[in-house]
Amino acid sequence: MLLEGSCHCGAERFRVMSSHPYPFNRCYCSICRKTAGGGGYAINLSGEADTLVIHGAEHTSIYQAEIDGRKSPGERHFCARCASALWVFDPRWPELVHPFASAIDSELPRPPERVHLMLENKPDWVEVESRQQDRCFAGYPDESIAEWHARLGLEEL
Ligand SMILES: [Zn+2]
Ligand SMILES: [Zn+2]
């Protein structure tokens with residue numbers, strides 16, 4: 001499906017095609033939480049990088065977090081005017097781009113189950129609103145975004 005997104009101030013808009021549009025991943029890592037986490041977590045989607053179209057790209061800034069003294073290859077794109085988190089691009093997976101669900105204006109499908117990840121980085125005050133079928137991980141989950149969609153038969157081809 002086509003995902004259309006924008007920052008809060010409207011300086012930047014983008015669209016990207018995605019076969020994996022269910023926002024099921026809730027990441028509680030310190031980077032997501034501090035830079036994008038409205039609920040103490042952030043949700044990343046998966047789109048096809050070569051379909052990404054950006055309007056207002058001159059307003060984009062990129063943040064690369066430092067983890068254990070090393071710069072993360074993950075490029076977190078955000079609007080330099082209003083600070084909205086937009087998407088993550090990681091050159092290790094150049095065919096993918098990971099928009100934040102928070103930046104998407106298209107109506108996203110509601111995930112039947114969710115994954116709570118990086119819980120070891122979660123502060124105490126953040127409560128995990130876990131439903132029965134949800135899965136929780138201290139670090140990264142054992143499935144990719146594509147594998148989760150395939151297991152549940154939710155892939156849009
Ligand atoms: Zn903006
Ligand atoms: Zn994270």
Side-chain angles (χ1 to χ4, degrees), residues 2-16 18 20-49 52-108 110-111 113-131 134-149:
L2 175 68
L3 301 180
E4 293 185 288
S6 60
C7 68
H8 191 262
C9 79
E12 192 156 354
R13 288 178 296 121
F14 65 95
R15 58 188 140 98
V16 66
S18 171
H20 308 115
Y22 279 76
F24 69 95
N25 260 335
R26 296 191 170 195
C27 185
Y28 295 77
C29 83
S30 64
I31 313 168
C32 285
R33 191 177 68 247
K34 294 209 171 193
T35 66
Y41 53 80
I43 303 173
N44 278 5
L45 304 169
S46 175
E48 296 155 35
L52 179 66
V53 178
I54 308 164
H55 298 280
E58 69 273 19
H59 299 291
T60 309
S61 266
I62 295 175
Y63 176 59
Q64 286 176 273
E66 239 176 66
I67 302 166
D68 300 329
R70 277 210 312 262
K71 197 177 242 191
S72 160
E75 300 171 3
R76 293 170 172 262
H77 293 245
F78 66 97
C79 174
R81 272 187 75 194
C82 70
S84 297
L86 299 170
W87 67 85
V88 182
F89 175 76
D90 191 318
R92 289 173 293 180
W93 295 278
E95 69 283 5
L96 298 176
V97 60
H98 296 288
F100 287 103
S102 53
I104 298 299
D105 301 311
S106 312
E107 203 163 317
L108 294 171
R110 193 182 293 185
E113 63 175 64
R114 300 172 300 187
V115 167
H116 303 271
L117 64 143
M118 305 296 275
L119 287 170
E120 65 190 3
N121 300 98
K122 180 184 82 55
D124 241 18
W125 64 266
V126 177
E127 288 184 68
V128 180
E129 290 168 33
S130 180
R131 293 182 303 209
D134 289 3
R135 301 168 75 209
C136 294
F137 296 89
Y140 283 109
D142 53 11
E143 274 178 335
S144 69
I145 292 177
E147 287 164 348
W148 182 95
H149 283 76

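Below, all heavy atoms of this structure are taken into account, side chains as well, without hydrogens, waters or symmetry copies. Bear in mind the structure is a predicted one, so any value in this text is a computation, not a measurement. Remember, it's 1-based here, ligands and their atoms both numbered in the order they're listed.
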Quiz item: In terms of ring plane angle, is the pair Phe24 and His149 parallel, tilted or perpendicular, where the classes change at 30° and 60°?
Solution: perpendicular
Quiz item: Do any protein N, O or S atoms sit under 2.8 Å from the Zn ion (ligand 2), and which ones are they?
Solution: Cys27 SG, Cys29 SG, Cys32 SG
Quiz item: Would you say the ring centroid of Trp87 lies under 6.0 angstrom from that of His77?
Solution: yes
Practice problem: Using a strict cut-off of less than 4.0 Å between a Lys/Arg side-chain nitrogen and an Asp/Glu carboxylate oxygen, indicate whether Arg135 and Asp142 qualify as a salt bridge. | Solution: yes
Quiz prompt | Residue-atom pairs from the protein, N, O or S only, that lie under 2.8 Å from the Zn ion (ligand 1) | solution = Cys7 SG, Cys9 SG, Cys79 SG, Cys82 SG
Quiz item: About how many Å separate CG of Leu45 and CG of Leu96, when rounded to the nearest 0.5 Å?
Solution: 12.0 Å
Practice problem: Quick one: pull up CG in Leu3 and CG in Leu108 and give me the separation to the nearest 0.5 Å. | Solution: 6.5 Å
Quiz prompt | Pairing residues for Ala80 by the side chain to side chain contact (heavy atoms under 4.5 Å, CB included) criterion, not counting sequence neighbours | solution = Ser61
Quiz item: Minimum heavy-atom separation for Asp105 to Ser6, with atom names?
Solution: OD2-OG, 2.7 Å
Exercise. Please report the shortest heavy-atom distance between Ser84 and His8, naming the atom on each side.
Key: OG-N, 2.9 Å
Practice problem: With sequence neighbours excluded, give me every salt bridge (Lys or Arg N to Asp or Glu O under 4.0 Å) pair touching residues 77-90. | Solution: Asp90-Arg92
